[in-house]
Colleague: 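Submitted below is the structure of interest, expressed as structure tokens.
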Amino acid sequence: TVHQVYELWFKLLLRELAHAPTSFEQLGQRTGLSADLLARDLGALYLVGAVTANPKRAAQHALARRPGRDSGAGALAS
């Protein structure tokens, strides 16, 4: 169904975003998704605060996700 295809596209997008910071063009090349679909989905993720266009925030988030770092609730309180 259309819903299942969209879900697969969205999972692919999330996987690529989690892999490494990238440009819009590079993301389109890596996923094969159209610019319209990428713009819609990235816009939705941006509106809910799941992605950022601010390099400083992206770098801070990448540091917080380093392997071996405590990911429990206590880490959020610091």
Side-chain angles (χ1 to χ4, degrees):
T1 67
V2 172
H3 178 72
Q4 291 170 322
V5 170
Y6 179 74
E7 185 177 348
L8 289 174
W9 282 338
F10 195 70
K11 285 180 180 180
L12 173 63
L13 175 60
L14 292 177
R15 185 189 76 207
E16 289 300 321
L17 289 170
H19 177 68
T22 188
S23 71
F24 185 84
E25 291 79 17
Q26 289 172 335
L27 189 58
Q29 290 173 355
R30 289 194 334 223
T31 63
L33 300 175
S34 71
D36 289 342
L37 183 60
L38 279 176
R40 183 190 65 194
D41 290 349
L42 289 172
L45 290 169
Y46 181 81
L47 285 173
V48 298
V51 297
T52 184
N54 182 321
K56 288 183 181 178
R57 282 192 214 142
Q60 290 170 350
H61 182 68
L63 288 174
R65 292 183 50 196
R66 284 190 306 211
R69 190 167 167 138
D70 180 16
S71 61
L76 297 175
S78 58

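Only this structure's heavy atoms are used, side chains among them; waters, hydrogens and symmetry mates stay out.
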Colleague: Do Leu38 and Val5 share a hydrophobic cluster (ILVMFWY, side-chain heavy atoms under 4.5 Å, transitive)?
Modeller: yes
Colleague: Hydrophobic cluster membership, with links at side-chain heavy-atom distances under 4.5 Å among I/L/V/M/F/W/Y: are Leu37 and Leu8 in one?
Modeller: no
Colleague: Can you tell me how far CG of Leu13 sits from CD of Glu16, rounded to the nearest 0.5 angstrom?
Modeller: 8.5 Å
Colleague: Which heavy atom of Leu12 sits nearest to which heavy atom of Thr31, and what is that distance?
Modeller: CD2-O, 3.4 Å
Colleague: Do Leu47 and Val51 sit in one hydrophobic cluster, given that two such residues count as connected whenever their side-chain heavy atoms are within less than 4.5 Å of each other, even indirectly?
Modeller: no
Colleague: Considering residues, nucleotides and ligands other than Phe24, do more than 12 of their heavy atoms fall under 6.0 Å from its CZ?
Modeller: yes
Colleague: Find the distance between CD (Gln29) and OG (Ser23) and round it off to the nearest 0.5 Å.
Modeller: 7.5 Å
Colleague: Just to verify, what does Tyr6 make a side-chain hydrogen bond (donor to acceptor under 3.5 Å, both in side chains) with, not counting sequence neighbours?
Modeller: Asp41
Colleague: Within a strict 4.5 Å, meaning less than it, do heavy atoms of the Leu17 and Leu27 side chains meet?
Modeller: yes
